[in-house]
Amino acid sequence: MTAQEFIQQLLPMSIQNIAISLYNTNLYHKRHTGIYASMREYYANCSRLSAGEIHAEQQRKLAAFLKYATENSSWYAPCKGLELEDFPILEKRNIVENLDKIATIKENQAIVNLTGGTTGSSMKVLYTHADMQERFALIDTFRATYGYTLGKKVAWFSGKNLIQTRDLTRGTFFRDDHINRIRFFSTFHICENNFDAYWRALTEFDPEYIVGITTCVYDLCRMALERNLELKGHLKAYFSTAETVLDVQKEIVEKAFGCPLVDQYASSEGAPFIFQCLHGSMHIHPLSGIFEVVDERMRPAREGEILVTSFTTHGTPLIRYRINDRLKLAPDDFVCPCGSCFPVVEHIDGRATDFVLSVDGTRIASGNISNCTKGVEGIQCFQLLQDRQDEVTVKLVCSDRFDTLQEMKFTNALRQRLGSGMKIAIVRVPEIPRERSGKFRILKNSLAV
Ligand SMILES: [Zn+2]
C-alpha cells in the first residue's frame, strides 16, 4: 500500500485533510524555493522591455539552452550546429523509447512527471527542481495580473482522484488543505445526482479563484444554469488549465460563475507558455520558449502544427518537440490594446488529432463541431466518433426537451459542417465516460492517429 493509499483508505477525513495540507505545503515549498523569487522578479520586469530587447533575450536563452542540451544529453550530443534548424524534430515516441538518452539527470534527482501519450500509453519526463520553480514563477506572474497571490482561497478541479467509495455514499467530493486555503474537488464524480453536493461545497467554501479542467467544470456550470443557479460570492477569476477551451464552454462557465474565464496554454511535458492578457488576447511568452508553426511539409507557416522548444526543460530537453497541437498566429499588424509586444495567437486547436475528416479530406476542427449545439435545446453533452471517412457516430446525453425538432436542428448543423456525403448516426446514451486523465473529449478520431 502506498502512503497515499494508506492516507485515503484508513485515516479519518479530518486527519486526511491535515495529511493533504502537509503534503501540499511541502510541495509548495519545493516549487517556491530556490530560484523562484528571482524568477518572479525577472518575469515581472520583462513586461517593461522593448520588442528588440525581448528578441535579444530570447535568442540568448535559446543559444544557452541548445548549448546545454548538446553538452549534457547524449541524444543531442551529435548536434554540432547552434541554430534551431540544425536540430532534429523530437517525436513523442522518441521520449517514450529513449528517455535515458534524452534526459540529462537521473530519476532520483528529478521531479518525475507522467503524462498521457497519444496511444494512451503513459509518457514520462524528468524536471529539474530549478525548472519547476521557474515554471511556477511564470504561472504565478501571469495569475498575479488577475490579482491572485499565494494564500488566496482557491478551489481546484484537478484530474487527481482523491475520493474513496465511502466518500461517495456520504456525498463528499473534496478534500481541504487548510494551511494553503485550497479545496480540491474530484472531477470524476460530477453528474446530475451529485450536483447539489458539489454546488453546496463550492458555495460554502466561497473561493476567490477557481483553477480547473474546463470540460469537467463546464458540466457543473451547465447543470447549475439548468437549475437557474449562479455562483454568488467573491470569485474574481476562473483559470482554465490543460486543454483548449471552446467558445460554448467559456460562455457557460462565465455565466454560472459570474467572472472571466482566463485561458492559458501549457502542457505537463513542459511546453512553453501562452497566456491570456486582460484584453482577452492569447500571448506567446517569448522568454519561456519558441513556437515554430509549420505546415504539412514542415515548412514555416502562419497556421498549422507546432514544434516547441522549451527553455524550462533542462531535465528532459524539448527541442523542436512535436507536441501534436495546432495554432494560428494573428496577423503581424495586430496590436493588442494591452500594449504587450508578445506575439498573439488567434486560436489554438488543441490536439492536432482532434478533428473530423470530411469525405473530401478536409479537416474540421473540434471548435467547429462543438458549436453545433447552439440554439438546440436539451443536449447535455455529446461525443463524435469517427472510424471511417464517410461515417460518424454521435453519442448524445440529452433531456426530455431534445425532441424530433431539436434532433433535426442538431443533425442539420452537423451536416452543414461535415458535408452531405457523411453518414451521421445519432445514438442516445445515459452517459459518456471521461478519459483516464479526467478530461472529456468531444472528438475521438481513429483515422487521425
Ligand atoms: Zn494583450
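Order of listing sets the numbers, starting from 1, for every ligand and every atom in it.
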Enquirer: If you leave out waters, which protein N, O or S atoms are less than 2.8 Å from the Zn ion (ligand 1)?
Expert: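 As for protein N, O or S atoms lying under 2.8 Å from the Zn ion (ligand 1), they are C277 SG, H283 NE2, C336 SG, C338 SG.
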Enquirer: Hey, are R326 and E303 close enough for a salt bridge, meaning a charged N less than 4.0 Å from a carboxylate O?
Expert: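 Looking at R326 and E303, the cut-off is not met.
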Enquirer: I'd like to check the side-chain contact (heavy atoms from CB on, under 4.5 Å) partners of K409; sequence neighbours left out, ordered by chain and number.
Expert: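 So K409 forms a side-chain contact (heavy atoms from CB on, under 4.5 Å) with V376, Q406.
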Enquirer: Between S288 and F273, is there a donor-acceptor pair closer than 3.5 Å when you use the side chain of the first and the backbone of the second?
Expert: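 Judged by distance alone, yes, a pair lies under 3.5 Å.
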Enquirer: Holding to salt bridge (charged side-chain N to carboxylate O under 4.0 Å, His left out), I want the full list of residues that pass it with E226, two or more places apart in sequence or in another chain.
Expert: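 Scan of E226 (salt bridge (charged side-chain N to carboxylate O under 4.0 Å, His left out), adjacent residues dropped) gives R222.
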Enquirer: State which residues pass side-chain contact (heavy atoms from CB on, under 4.5 Å) with T203; sequence neighbours excluded, sorted by chain then number.
Expert: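 With neighbours one apart ignored, the set is W199, L231.
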Enquirer: Does the Lys NZ or Arg CZ of R143 fall within the cation-pi geometry relative to F239 - under 6.0 Å from the ring centre and within 45° of the axis?
Expert: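 Yes, a cation-pi geometry.
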